[in-house]
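If you're wondering where the values come from, they're calculated on a predicted model, not measured in any experiment. Proteins come first, then strands; the chains are lettered A, B, ... in the order of their sequence lines, and each starts at number 1.
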Amino acid sequence: MAPELHPRSGRQPRGLARRFQRRPRGPRVCSTPPPSGACAPGSPVVTSAITTPLATTLRTHFGGALRRTDTGTTVTIGGWVHRSRDLGGLVFIDLRDREGLVQVHFNPHWTAAEVIAAASTIGVESVVLVEGVVAERPSEMLNPNLATGAIEVRATSIRVVGPAATPAIPVALDKEGKLPAEELRLRHRVLDLRREELQRAFMLRHRLMQVTRRFLSGQGYLEIETPILTKPTPEGARDFLVPSRVHAGEFYALPQSPQIYKQLFMCCGFDRYFQIARCFRDEDLRADRQLEFTQIDIEASFIGREDIIAMAEGLIQALWAEAGVAVETPFPRMSYAEAMERYGCDKPDLRYALEIRDESRVFAGSESGIIQAALTAGGRVRGIRVPGAAAWSRKQVDELEAIAKSAGAGGLVRLKAANGVLEGPLAKFLAAEAQAALGLADGELFLGVAGPDRVSSPALDRVRQECARRLGLVDERQRRFLWLLDFPMFEQDPDSGALTAVHHPFTAPNADDMAAYPQSPERWRALAYDCVLNGTELGGGSIRTSDPAVQSRMFELLGIGDVAEQERRFGFLLEGLRAGAPPHGGIAFGFDRIAMLLAGASSLRDVIAFPKTTAARALFEGAPSVVPAGDLEVLHIRTVEST
RNA sequence: GGGGGCGUAGCUCAGUUUGGUUAGAGCACUCGACUGUCACUCGAGAGGUCGCGGGUUCGAGCCCCGUCGCUCCCGCCA
């Protein structure tokens, strides 16, 4: 694992930071270096970079970018009144623009009386243009909390160009810094987005996009757009449908991802493609899930898994570097089977141990009916040892059991070791040497689940995560990147035996597995890979099937055996493959999620300008909304009362 | 579709446990005072459908039923 160079301090590793701060020279508005952006402690954000003149016919400088070196300059700055202080005769206005705050000082020594009077009446959040001279503050008047704190603008005039109604929610927060309710923040998004924290997040997001383009373009990837109005996909998430006016009763769908298009680009011979692509999935929302989201979508020809992984590691490295974080490559790797065995999930958080182990042998002789039933049915008893948890109360362990049950387990086997003795409902069924066999030290708690892996893995995954949280084992400063490899090709429904694609139907199966177990597709592994960071999936991809016959066979295994049906649903992909397809593969990263992580945000909503609520509403613009009946008629649509 | 949390002044909250006169605080807002503030300070004032609807009660912000909104989670998200 990469050494952590600069945990959450906001400091950057010197060399990297310098390299990424260097920007093309251009004529500058200010005689100052790029504004520091007034990074708050804890923020990994580097700076925003101004590469073109931002002076306009109305404004000469960004007030927030002024520095001591600008002393003596006559400036005209424009911005929002963040706060003002009227001392009676003296007026101070903190003027805010996207580069930060600067104090504007109105004083009878340099300001006309009527200008001071005007300044004293301007409401917060109004937009003003101020003319004045940059001056050093007296030494005892410096403000170390402000990037511009060494200077102030001594105003000679002020003009209100955009008077503001009293803000519905505060932009300038008070000392406690408590945010308004999220509902209000979304409803009054224009005000919310004025806050420095969000401004910085969006500036970072912008830079991450530019890094992505620079990096991929530099590696020969072509940015090509794909349709937004496209064909419904019969598998995967629910589609957003768009009615066709021209063709009554027919619908477009918004893309869940440009998957098929990007494979077709390979068939076209574009060789390397990328797109910062908007994707749409009509599923219920979460803190980290929106209806529309942005993917860094990548596909390349004549490549193998290692090519994609190496490219992706380079991209991750460049993205994290832009946020001032050094990432060491290559990332460690783990097979799906190992991850499920040791962590119970396919995106393990490696920042803490609490690994799952098979303890079936210890329980094999036990008289417990539940355990015996599970073992006889071919299941196992697996569990984790939790240090210090023997002291947890009955209630606390019950809560863990509830978590395990909600994940599908029948219950939680609990054994605590104290003074060399095992305690717990099942202790009486176990041999005297069971504690040693479990490797359970005094003070430790064993939490186990009996049953098939398909039940115990997800349950123990959840229990493991909750225990880590409770014990404070999650080190927020650590970054544990990981490649998850060798996913199974298919998932089998335990009841019907029907196969579904674990990744997607276009992923290529491992050729060795196909040859070794031609009759057992459920044993085939896929040439798929996921990039995981701290228990979060950043992205995933696969080598694709480029042989139309193999692709047709995959559809067949997935229950689409009818050739006409295959053609109807996927004909345009099969046609591309039949026209001569190079070996190809790709990957897609969740861009919003990456921006969220690097901005230190806890919700995707903080890195999306106008996000939807968890009830799928856009509160600011008021979407969705009813439309006039006539509009529906043109689209050959009639609404019905829902039951 | 299911479960948990929240909803009182423009904003953040107290008041709900145990129903009882006219529902409070801080910030913001309005007016006034104040010449180095930076959360300026000080004085005065205005500001409420207690999310909404129904019910119980002599009486409901508080109890009951329903409903809406936001949020976290499960299902769902190839």
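- Of the nucleotides present, none pairs with B/rC38 by Watson-Crick or G-U wobble criteria with both distances under 3.5 Å.
- Side-chain contact, A/D239 with A/Q256: a donor N or O sits under 3.5 Å from an acceptor N or O.
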Would you list the atom pairs, donor with acceptor, under 3.5 Å between side chains in residues 108-116 of chain A and any protein atom, with sequence neighbours excluded?
{"unit_1": "A/H109", "atom_1": "ND1", "unit_2": "A/N107", "atom_2": "OD1", "d": "3.0"}
{"unit_1": "A/W110", "atom_1": "NE1", "unit_2": "A/H105", "atom_2": "O", "d": "3.0"}
{"unit_1": "A/T111", "atom_1": "OG1", "unit_2": "A/N107", "atom_2": "N", "d": "3.0"}
{"unit_1": "A/T111", "atom_1": "OG1", "unit_2": "A/N107", "atom_2": "O", "d": "3.1"}
{"unit_1": "A/T111", "atom_1": "OG1", "unit_2": "A/A155", "atom_2": "O", "d": "2.8"}

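- In this structure, the CZ atom of A/R154 is 14 Å from the P atom of B/rG36, given to the nearest Å.
- Counting distance only, with no hydrogens placed and no angle test, the side-chain atoms of A/Q103 and the base atoms of B/rU37 include a donor-acceptor pair under 3.5 Å.
- The salt bridge (charged side-chain N to carboxylate O under 4.0 Å, His left out) contacts involving residues 83-93 of chain A comprise A/R85-A/D94, where partners must be two or more places apart or lie in separate chains.
- Listed candidates were B/rC72, B/rU37, B/rA39. Nearest to the side chain of A/R605 is B/rC72.
- Residue pairs that meet the salt bridge (charged side-chain N to carboxylate O under 4.0 Å, His left out) test with at least one member in residues 144-154 of chain A, sequence neighbours left out, are A/E152-A/R154.
- For residues 607-626 of chain A, proximity to RNA chain B is found at A/T613, A/T614, A/A615, A/R617, A/L619, defined as any non-hydrogen atom under 4.0 angstrom from a strand atom.
- Under the 3.5 Å distance criterion, the side-chain polar atoms of A/Q199 are matched with a main-chain donor or acceptor of A/L193.
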Filtered N/O pairs between nucleotides 23-28 of chain B and protein, under 3.5 Å:
none

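- Side-chain rings of A/F555 and A/F570 approach one another, their centers coming within less than 6.0 Å.
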Strictly under 4.0 angstrom, non-hydrogen atoms only: write out the protein contact profile of nucleotides 73-78 of chain B, one letter per nucleotide from the 5' end, B, S or -.
SBBBBB
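- Atom C1' of B/rU56 sits at a distance of 15 Å from the matching atom of B/rG66, rounded to the whole Å.
- When rounded to the nearest whole Å, the span between CG of A/L604 and P of B/rU71 equals 13 Å.
- Taking atom P in both B/rC76 and B/rG20, the straight-line distance is 47 Å, to the nearest Å.
- Using a 4.0 Å heavy-atom cutoff across all strands shown, A/H105 reaches at least one base atom of the nucleic acid.
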